[in-house]
Structure formats: C-alpha cells, structure tokens
Amino acid sequence: MDSNAIEKKWSGRWAEKAAFQPDPDPGREKRYITAAFPYPNSPPHIGHGRTYTTADIYARYLRLKGYNVLFPMAFHVTGTPILAMAKHIAAKDPDVLGIFDRIYGIPPEKAATLSEPRTLVAYFSDEIEKAMKEIGYSIDWRRKFYSYDAKFNLFIQWQFRKLKELGYLIKGEYPIAWCPADKNAVSAHDTRGDVDPEVEDVTVIKFPVPGSPLSLVATTYRPETLYGVTNIWVNPKAKYVKARYKGETIILAEKAAQVLDLQLGLEITGEIPAADILKMRPVNPLTKESVPVYEASFVSPEVGTGIVMSVPAHAPLDYLALRDIGKGNIPMPQVVSLKGYGPAPARELVEKMGVKSQDDPEAEKATKEIYTKEAHEGVMVVGKYKGQKAIEAKEKIAEDLKAMGKAFHIVTIANGPVYCRCGAHVVVNILKDQWFIDYGVPEWKAKAKECLERMRIIPADTRGEYLYTIDWFKTRPCTRAAGLGTKFPFDETKMIEALSDSTIYMAFYTVSHLLHDIQASEMDEAFFDAVFLGKGPRAKDKKLARLRDSFLYWYPVDSRHSAGDLIRNHLTLYIFNHVGIFDDKKLWPRQIVTNGFVLMDGTKMSKSMGNILPLRKAIKEYGADVTRFSMVCGADLTSDTDFNKSVAEGVRSRILLISKLVQDSEHKTSKPHGRIERWLLSRLNRKIERAEKMYEELAIRELALDIFYDVVSDLQWYAKRSSESNLHDFFHKWVVLIAPFMPHYAEEYWEMLDGKGFVSFQSFPKADHSKIDDSVERGEELIRKVHSDIEKISELIGKKPSKVTIYVAGEWKRELYSLAKANPSFEGLMKAAAAKKMDMKAVQSVAKQIMKNVHSITVPLSQKDELDALKDAEGFLAKEYSCKVEVLPEEQAKHDKAKSSLPDKPAIVIE
RNA sequence: GCAGGGGUAGCGAAGUGGUCAAACGCGUCAGGUUCAGGGCCUGAUCGGUUAGUCCGUUCAAGAGUUCAAAUCUCUUCCCCUGCACCA
C-alpha cells in the first residue's frame with residue numbers, strides 16, 4: 001500500500017464531501033476546538049505540527065463520540081517579523097536565502113519573488129495550508145482569514161473599544177530601549193549580536209554641595225549602603241556638566257546627561273571641570289556628613305550619572321579605588337553584617353583574592369560575590385531599618401529618599417552597553433503616551449481567576465503557572481509604532497501589538513465564513529455588539545440572527561491548544577480578554593491543553609544547526625500518518641518529544657504489518673473464534689475501556705503505547721499462535737479506535753473491511769465486557785512464559801528438545817495460596833495447612849516459596865484453567881520446537897521434576 | 001534572585017509504597033532467515049550464578065519513616081524553562 005496514494009484518496013474524499021465543515025445543528029451537542037494560529041513567515045516544519053496534531057487527534061476523537069466538532073484555522077500576520085523577513089529577502093540576505101534553499105528547497109529565484117510582505121504571506125500561508133491538508137487535519141477551511149483582513153481589523157477595533165469602555169485601556173509613560181539615531185524602539189533582533197536590552201530602574205541620590213545650589217547626583221544599585229559612604233567618585237578624564245532638572249541644578253557626566261535627557265528632560269547650563277568637583281565637600285543626605293570627592297578610573301561617564309558614591313566596606317571597587325590613591329586605611333563604616341565576614345567584607349574579600357587594583361578584572365568577580373551575598377544574607381546594622389534584611393531595607397530606603405526629594409530614579413540598560421545595528425548606543429526612552437491594557441484591575445484579575453478555576457487544565461500541573469501569570473500581569477503596552485495588523489482605534493498612527501490582537505479571535509471563526517455578503521461599512525459597533533454580545537441597537541436585526549446563532553452555537557471554545565510556552569502570555573491573555581469582553585460565563589473558555597516541543601534527533605531544531613525537517617518533506621518521506629504518529633507519541637504531552645528516523649521507520653513498519661493483516665481479514669468469516677481470538681478480543685476490549693479515559697485526558701503517549709505499539713505486539717503473538725488469520729471482528733473495532741491517530745490508513749482499512757461511510761464518523765467503540773476474560777488472558781501469559789522457559793532451558797542444556805512434557809501444579813498447591821493470604825506467616829500457613837490435613841512435607845517446600853512474597857499474593861488460576869490454556873498451545877509449542885509436546889497434570893507425573901511445579905509455574909521436562 | 005519542572009540502565013523514557021533488576025522505544029551484541037546491504041524474526045543487554053533458578057548491588061548524594069522505598073519525609077548537589085512588549 002502506497003501511503004501517499006492512500007492519503008490523497010482520502011483527503012480528496014473528505015474534501016469532496018465537505019466532511020469537516022460543520023454548521024450549527026441544534027439537535028447535536030457541539031465541541032469547539034482551536035489551536036494557536038500559525039505565523040506564516042516561513043514554511044512549516046515538524047516542530048509546528050505537534051500542537052495541531054494533538055488538537056486534531058482530540059477533535060477526531062470527539063467526532064467519534066458523536067459531537068458536532070468544529071476545528072478552524074487562520075493565519076496570524078500581525079507585528080514586525082513578516083516585515084523583517086520580507087526586508088531580508090529584498091536585501092537578498094544570504095543567510096535567509098540559504099536557509100530557504102538548503103532546508104526548505106525554495107530556490108533563490110523563487111525566494112526573490114517574496115520581497116513583498118503580502119506575497120510572502122500568501123506563499124507561506126499556502127505552504128502551511130497545504131501541509132495541514134496533507135497531514136490530514138480535520139480543519140474547516142471555509143473559515144480561514146488573516147489577521148490583517150479588513151473585517152478582522154474591524155472586529156479587533158471593536159474589541160479595543162470594549163476594553164476602553166470597561167476602563168481597561170489606559171495611557172501612560174513607559175520606558176523602552178531606544179535607538180537615538182533611528183528614533184525607534186529596539187528589541188533583540190535590532191541589536192548587534194542580538195542582545196536583548198534589559199531595562200532596569202536605578203536609584204540616583206542627590207548630594208547637595210553646601211554653599212551652592214548644586215547637587216552631585218550619584219547612581220547606586222544599593223541605596224541602603226548610603227550610611228557607609230566615605231566619599232564620592234568622579235572620573236577626571238570625563239566631562240561633567242551642570243543641568244537643570246525639576247528646578248534644581250545637578251552635576252553629572254556629559255555623556256550621561258545626553259542619555260538621560262530623553263527621560264529626565266534636562267537643560268544643560270554649562271560645563272564644570274572635574275577639578276572643580278574634586279574640591280567640593282558634598283553632604284550625605286542621610287547622615288548629613290560632608291564627604292570628599294576623589295577621582296577613580298572605574299567610573300564610566302556612560303553608566304548612570306557618571307558619578308558614584310563610595311562605600312568601601314561593602315563595595316570592592318570603592319575599596320580598591322581608595323587603596324589605589326593611598327587611602328586604603330581610612331575608617332570604613334559598616335552598614336551590613338555578613339556571616340563569615342568582619343565589618344568590611346569588601347576589603348576582606350579583595351585582600352583574600354589578591355585583587356591588584358580597580359582596573360584588575362578580578363575586581364568584578366569580587367563585586368559580584370559581595371553584592372549577591374550581601375543582598376541575600378546581609379542584615380542592616382545601622383539606621384532606621386537596623387536588623388532587617390539588606391534586600392528589604394534597600395527598597396524602603398530608596399522610597400524614603402525619593403519621598404523626601406533627596407533621590408530620584410532613572411531607567412538604564414542593565415546589560416549595557418548595547419549597540420543598535422546602526423551602531424548607535426542604545427538608551428532608554430520614556431514613551432509619554434503609550435497605551436496599555438491594564439491587567440492589574442483587581443475585578444478583572446478576580447474574574448480571570450474564577451475562569452481558571454472553572455477550567456479544565458491539561459496537563460493539570462500547569463495550573464499553578466496560569467495562576468502565577470494572572471497575578472503577575474500588570475499593565476501591558478498594547479500598541480507599537482510599526483507592523484502589520486490592526487490600527488489602534490484611539491490613535492491610528494499606532495498598530496495593535498501582536499499578542500493583543502489574538503486573544504478572542506476564536507469568536508471570529510464562528511462567523512468568518514458568513515461575512516461575504518456583509519459590507520465592511522456595515523460592520524460597525526452595533527454590528528459586533530449584536531453578534532457577539534447580543535445587545536445594542538441591532539440586537540434584534542434579523543439579518544444578524546444567523547451570525548448570532550452561529551456564535552452562540554459554537555461558543556465557548558471547548559478546548560484551546562498551544563505549546564506550553566504560551567502560558568506566560570497568550571493563553572493567559574486569552575483568559576483575561578474573554579472574561580473581560582464576555583460577561584456571560586457560559587462563553588468563557590472551558591479547557592486549555594498545552595504541549596512540549598519537537599526535537600530533531602535529540603536536539604532542538606535551529607536554523608544554524610540546519611536540522612530542521614520541513615513538514616511537507618516529512619509527510620512525503622514517511623507518509624502523513626507516520627509523521628502524525630512520530631510527532632506526538634514519543635513523549636508525554638508536557639515534555640519535548642524526539643522526531644527521528646528510526647522512530648518513524650518503526651511506526652511505518654508496524655503499519656505495514658497491520659496493513660497485511662487487514663488485507664488477510666478483509667471479509668467477515670463465519671469461522672468461530674478460538675482461544676487465541678478470545679484472548680485478542682479480551683485484550684482489545686480492555687484497551688477500549690481504558691482508551692476513552694486516555695483520550696479525554698489527552699494522554700497521547702500512553703494511548704499510542706496501549707492501542708498501537710501494544711496492539712502490534714499482540715498481533716505478532718497472534719500471528720505465531722494462530723494457524724489462520726481470523727481478525728475481521730478485531731479490526732472492525734480497532735480501526736475506529738485508532739482512527740484519530742492515523743486517519744488515512746484507518747479510512748482505507750475501514751473500506752477494506754466493508755465498513756460503511758467514513759470511519760471518521762463512526763461511533764467510538766464500546767467495550768464489550770462479556771469479551772473480557774481474565775482466565776484466557778492469564779492462560780496466554782502462562783503460555784508465553786512456558787514458551788520462553790523452554791527456550792531458555794534448551795539453550796542452557798545446549799540441545800534442541802526432542803520431547804517436552806509440561807506438568808501443571810495440583811489443586812492443593814493453589815489452595816495453599818488462599819490459605820497464605822488469610823495467614824500471612826510461615827507458621828500460620830503451616831498450621832492452616834495441617835488443619836486441612838495436607839501432606840506437610842510437600843507443603844513445606846511450597847510454603848517457603850509463597851512466603852517470599854506473602855504481602856502481595858495473587859490467587860493463581862485453577863489447575864483446569866492452566867491445563868486448558870497449555871493444552872490449547874500444545875500444537876503451537878510443538879510447531880515452535882518441532883517436537884512432541886505433552887501437557888499433563890502433576891498427578892500423572894512420570895518424572896520427579898513434576899513435584900517442583902507451582903501454580904503459574906508448571907514443571908517442564910525436556911528430553 | 002524569584003517562580004515552575006526535573007535528575008531512573010549506552011540513549012530516550014515509563015514507573016509514585018509491595019507482583020521492580022525496573023514497561024516501551026532506540027542503540028549495541030549474538031543467532032536465524034531462499035542472508036550483498038537494509039529489512040524481518042529470536043534471544044541477550046547491572047554483576048555473578050543456574051535446566052526455566054537463585055544471590056548480590058542499583059533508580060543524583062546522604063539521612064530518616066516502614067515488615068516493605070525508585071516511589072513517602074528531611075538535607076545537600078546538579079540540570080532545564082520563564083521572568084514582559086518578543087511573535
């Protein structure tokens with residue numbers, strides 16, 4: 001059977017019959033499944049497939065359970081990455097073109113035509129759609145849209161108007177990493193070396209200079225150490241300036257002033273030579289002490305304010321700089337006590353490490369060590385917060401100083417210096433009218449938590465992560481200056497940011513295919529209010545009733561699927577926005593399912609490694625069903641799964657084996673079921689019973705092991721044990737069970753087995769309890785054990801058996817097991833046996849065996865059951881070892897060894 | 001640092017108190033096959049031992065609870081992920 005041909009055949013038929021294009025059907029219960037929509041800036045690879053495959057398996061399972069199931073798909077094109085990709089292509093970026101060529105097989109000529117964002121989107125979304133069709137996702141493609149479609153834009157703008165009405169949209173200041181040359185926000189992919197600029201608040205403390213209106217402003221990460229300041233540092237090689245800031249005149253480095261101007265609004269009034277500063281005696285605002293100003297080379301005019309306060313007891317650099325100018329012996333007031341150190345931990349460590357000077361690279365190591373240690377273990381020994389932890393005092397002191405006007409804070413690049421690709425030094429800018437969504441509103445948070453509580457979360461142990469994220473969300477900027485998507489309705493020069501426009505789009509799917517005959521101009525506030533909220537002036541509009549009905553039929557989303565990394569943003573935003581926009585709790589999300597990633601041959605797929613397997617290539621090479629299988633069955637839902645050739649090959653060869661067996665059992669026969677068929681069906685019905693629960697819990701891996709791998713090994717055993725194949729009944733049930741995993745083969749098998757209609761729409765098999773037969777299964781286990789024992793023994797004695805005799809333990813030995821259960825001690829058992837007047841000599845040796853596992857005794861099969869099983873296998877065993885095989889009860893023994901037979905462990909005599 | 005998740009045989013990965021020397025898959029080794037290779041089949045794969053057995057030592061390290069621990073408790077070490085404007 002050629003898998004690609006089968007796939008084509010069945011995907012063709014599904015499409016032809018519009019099998020997966022459901023419409024509201026009030027007579028049937030619905031299930032609505034969505035997965036995070038793809039971002040088409042490159043072709044799909046197998047890593048993209050896991051979430052959708054999981055969702056599709058689930059959707060297909062629910063269909064078998066009789067639900068009317070909707071599984072739609074669309075494309076997310078919002079934001080800058082598509083623009084960036086188009087730009088790279090336009091610039092003929094060799095890296096990008098090389099990856100397309102080598103990995104995805106897109107020749108440079110073809111790639112060159114994709115320099116327009118919309119062309120690029122069209123091409124890659126088409127690739128994704130094709131791949132998704134080829135792999136057999138049961139998606140309703142009628143509902144497809146792009147997040148830059150005009151009608152979708154109107155929907156999103158409506159959403160934002162609602163958020164504003166609710167008071168969730170606010171305007172404020174926001175610090176961002178900024179390139180002063182490009183006059184643009186900077187993120188990781190805009191910087192040299194792809195450094196992600198981290199912004200960080202830093203405290204600046206004012207040291208007023210007596211007798212003048214001036215203040216020196218010192219930057220510090222450790223305001224609590226202000227008690228221990230001995231002096232101020234400036235760099236004599238740097239230029240310093242005076243600047244007006246909020247009615248005061250402050251002194252700081254010129255470079256610092258330029259950088260900070262953006263956020264502080266400084267007016268530079270003149271230069272001031274470092275030599276003049278060195279003569280000043282500024283006042284510590286906390287201790288009111290006058291301190292000298294000294295020079296130090298470690299002070300960088302670009303970091304902070306270019307002025308640093310010196311706390312030699314706790315800052316290695318400060319101590320080193322003092323020592324460098326011959327003042328290493330001045331008194332160093334202690335601020336923080338640190339276990340294992342004396343009153344000046346910085347000096348102690350510096351001496352211990354033998355750091356040479358402030359320019360010694362070791363100085364940084366010492367600094368890091370002291371800072372982290374003191375932050376976590378340090379306790380204040382002076383001041384208002386004496387006795388408190390340094391880390392707590394730090395915040396409080398900074399707040400106190402700010403409240404008194406003796407300090408302020410600035411925002412800097414924590415991991416600086418970072419450079420823009422244009423070469424400019426990245427600084428921090430404060431955006432004055434940035435729009436935010438305020439996820440900090442307490443009622444909103446409370447609703448989000450309520451929703452979470454009502455929701456089913458799979459895997460269950462990720463629930464805490466959602467809760468954490470809900471708590472952690474504060475205000476979140478929701479617009480950007482550039483990118484594709486939707487214009488922000490209250491400032492059309494801005495675009496709605498990419499995570500903010502994809503929070504309730506699942507509602508849009510319910511009507512997206514019904515909008516053809518509705519003009520965009522008609523889709524106003526009242527339109528969306530009517531369709532999605534059922535209120536407003538058009539709520540009774542008959543024309544909109546169909547849309548409203550469709551929405552109400554499908555909503556809420558019964559299961560949302562995504563990779564686990566989206567819990568921290570998208571999935572939590574999804575919860576927030578649903579509970580925010582939709583008052584009716586019946587419309588709130590019901591379930592979220594998250595999964596891990598796909599590894600390629602054990603390592604993370606990456607462009608630089610070149611180990612990316614394009615999805616369409618995988619499908620072509622291994623077939624759709626094998627690819628589906630290999631993507632999701634290798635690991636638990638949460639953990640990463642490995643896609644590799646040998647796993648895929650293993651799946652394929654198993655499918656081939658099954659195909660062969662199905663071919664042999666195409667038609668129903670009237671042949672009766674023998675013991676081995678009964679065994680197989682017993683196993684199958686047990687699996688069916690378990691499978692339903694596993695499907696409900698999306699225990700994909702367990703399912704795969706149980707209803708696929710395990711079934712294959714059952715079938716292999718069956719093939720050995722049976723003389724002729726009689727599997728029609730078995731497959732008729734099993735094929736439906738496995739169909740969600742391998743829909744194409746399942747359809748093909750179903751057809752071969754004379755099934756009617758699509759297997760995709762059959763009923764999930766019911767476990768037939770009358771077919772579950774414990775003794776048959778245990779009997780078969782026994783046969784397997786005996787089979788392998790014969791193998792072992794004949795190998796050990798180094799000869800092929802010419803005759804095998806199997807002695808089955810007598811009934812009295814079995815009775816002993818029951819007695820042992822009631823009397824779980826050696827003496828107890830012996831007494832009980834004596835009371836039954838058993839042959840105590842024989843009992844003793846059996847009892848010894850039993851006592852080994854007295855706490856976990858299982859009652860063995862009866863002698864008759866064991867005999868029946870083994871006699872049934874006589875022919876099989878004889879064939880296996882090409883010799884005569886005889887099964888006898890122990891009582892008919894012709895050999896001493898028979899005595900050592902035990903329940904579940906017949907004696908075997910090989911001659 | 002904070003939060004979350006982990007450390008099990010050569011590898012991946014099950015296993016949450018007894019039936020565990022530990023599923024399953026891969027790899028490796030041996031044998032078989034109308035056998036180039038590959039595939040397929042059978043067996044082995046902690047050490048020792050044996051007519052199918054039994055014994056010893058294991059589940060990051062250490063301590064404890066228990067008749068019984070990979071599984072429960074405590075301590076330590078190590079690893080991974082996230083920490084915001086990035087889709």
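Residue numbers start from 1 in every chain, and the chains themselves are labelled A, B, ... in the order their sequence lines are given, proteins ahead of strands.
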> Can you tell me if the side-chain N/O atoms of A:R654 get under 4.0 Å from OP1 or OP2 in B:G25?
Replying inline: yes
> Quick one: do A:E465 and A:R568 make a salt bridge, cutoff under 4.0 Å?
Replying inline: yes
>> Roughly how many Å apart are B:C54 and B:U19, using the P atom of each and rounding to a whole number?
In response: 14 Å
> Should A:S794 be listed as having a side-chain N or O under 4.0 Å from OP1 or OP2 of B:A51?
Replying inline: no
>> Give me the distance, rounded to whole Å, that separates B:A22 from B:U57 when you measure between the C1' atoms they each carry.
In response: 14 Å
>> My understanding is that a pair needs two contacts under 3.5 Å, Watson-Crick or G-U wobble. By that rule, which nucleotide pairs with B:U53?
In response: none
>> Measuring only between side-chain heavy atoms, which start at C-beta, is A:L782 closer than 4.5 Å to A:E866?
In response: yes
> So does A:K879 have more than 12 non-hydrogen atoms from other groups sitting under 6.0 Å from NZ?
Replying inline: yes
> Hey, is NZ on A:K87 packed in by over 12 heavy atoms from elsewhere, all under 6.0 Å?
Replying inline: no
>> Using a 4.0 Å heavy-atom cut-off, does A:P38 contact any base of the nucleic acid, only the sugar-phosphate backbone, or nothing at all?
In response: nothing
>> What is the separation between atom CG on A:D565 and atom C1' on B:C80, rounded to the nearest whole Å?
In response: 14 Å
>> From CG of A:L467 over to C1' of B:G4, roughly how many Å is that when rounded to an integer?
In response: 13 Å
> Atom CE of A:M85 to atom C1' of B:A87: distance rounded to whole Å?
Replying inline: 12 Å
> Who does B:G4 pair with, Watson-Crick or G-U, both distances under 3.5 Å?
Replying inline: B:C80
> When you compare B:A44 with B:A21, how far apart are their C1' atoms, in angstrom units rounded to a whole number?
Replying inline: 15 Å
> What's the CD-P distance between A:E465 and B:G6, to the nearest Å?
Replying inline: 12 Å
>> For a quick test of reading the model: is some side-chain N or O of A:R568 closer than 4.0 Å to OP1 or OP2 of B:U81?
In response: no
> What is the base-pairing partner of B:A13, counting Watson-Crick and G-U wobble geometry with both distances under 3.5 Å?
Replying inline: none
> When all nucleic acid strands are considered with a 4.0 Å heavy-atom cut-off, which category describes A:K474: base, sugar-phosphate, or nothing?
Replying inline: base
>> Which nucleotide, if any, forms a Watson-Crick or G-U wobble pair with B:A21, using both distances under 3.5 Å?
In response: none
>> If the threshold is 4.0 Å, N to carboxylate O, is there a salt bridge linking A:K785 and A:D904?
In response: yes
> Rounded to the Å, how far apart are A:L573 CG and B:A84 P?
Replying inline: 15 Å
> With respect to A:N577, which candidate in A:Y439, A:W444, A:Y168 satisfies the side chain to side chain donor-acceptor pair (under 3.5 Å) definition?
Replying inline: A:Y439
Under 3.5 Å, sequence neighbours excluded: what are the donor-acceptor pairs made by side chains of residues 702-711 of chain A?
unit_1	atom_1	unit_2	atom_2	d
A:D706	OD1	A:K687	NZ	3.4
A:D706	OD1	A:R690	NH2	3.1
A:D706	OD2	A:R690	NE	3.0
A:D706	OD2	A:R690	NH2	3.1
A:D710	OD2	A:R683	NH2	3.4
A:D710	OD2	A:K687	NZ	2.7

> Starting at the 5' end of RNA chain B, which residue's closest nucleotide do you reach first, A:V786 or A:V647?
Replying inline: A:V647
> P atom, B:G17 versus B:A84: distance in rounded Å?
Replying inline: 39 Å
>> Is it the case that atom NZ in A:K445 sees more than 12 heavy atoms from other parts of the structure closer than 6.0 Å?
In response: yes
>> Among B:C83, B:A87, B:G52, which nucleotide has an atom closest to any side-chain atom of A:P906?
In response: B:G52
> Does A:R652 count as lying over the ring of A:Y622, i.e. NZ or CZ under 6.0 Å from the six-ring centre, within 45 degrees of the axis?
Replying inline: no
> Given atom CD of A:E497 and atom C1' of B:A87, what is their separation to the nearest angstrom?
Replying inline: 9 Å
>> Measuring only the P atom in each nucleotide, how far is B:C59 from B:C46? A whole number of Å is fine.
In response: 15 Å
> Mapping A:R701 and A:T475 to their closest nucleotides on RNA chain B, which lands nearer the 5' end?
Replying inline: A:R701
> Does B:U42 pair with anything, Watson-Crick or G-U wobble, both distances under 3.5 Å, and if so, with which nucleotide?
Replying inline: B:A30
> Without hydrogens or angle criteria, can the side chains of A:R560 and A:H570 be said to hold a donor-acceptor pair below 3.5 Å?
Replying inline: yes
>> A cation-pi test, strictly: NZ or CZ of A:R721 under 6.0 Å from the centre of the six-membered ring of A:F876 and no more than 45 degrees from its axis. Yes or no?
In response: yes
> How is A:S502 classified with respect to the nucleic acid when contacts are heavy atoms under 4.0 Å: base, sugar-phosphate, or nothing?
Replying inline: nothing
> So what does A:D710 touch, heavy atoms closer than 4.0 Å: a base, only the sugar-phosphate, or nothing?
Replying inline: nothing
>> What contact category does A:I910 fall into here, base, sugar-phosphate, or nothing, at under 4.0 angstrom with non-hydrogen atoms?
In response: base
> Quick one: what's the B/S/- string for nucleotides 37-44 of chain B, heavy-atom cutoff under 4.0 Å, read 5' to 3'?
Replying inline: ---SSS-S
> In whole angstrom, what separates A:F597's CZ from B:G12's C1'?
Replying inline: 19 Å
> Given the P atoms of B:U8 and B:C72, what is the spacing between them in whole Å?
Replying inline: 16 Å
>> Please give me every residue in residues 40-48 of chain A whose heavy atoms get under 4.0 Å of an atom in RNA chain B, ordered by residue number.
In response: none
> Expressed in whole Å, how much space separates the C1' atoms belonging to B:G38 and B:U33?
Replying inline: 14 Å
>> Under the ring pair (Phe, Tyr, Trp, His ring centres under 6.0 Å) test against A:F75, which residue among A:Y146, A:Y39, A:Y505 passes?
In response: A:Y146
> Expressed as a whole number of Å, how far does the P atom of B:G12 sit from that of B:U76?
Replying inline: 27 Å
> Does any nucleotide pair with B:C59 by Watson-Crick or G-U wobble geometry, both distances under 3.5 Å, and what is it?
Replying inline: none
> Roughly how many Å is it from OH in A:Y468 to P in B:C2, rounded to a whole number?
Replying inline: 11 Å
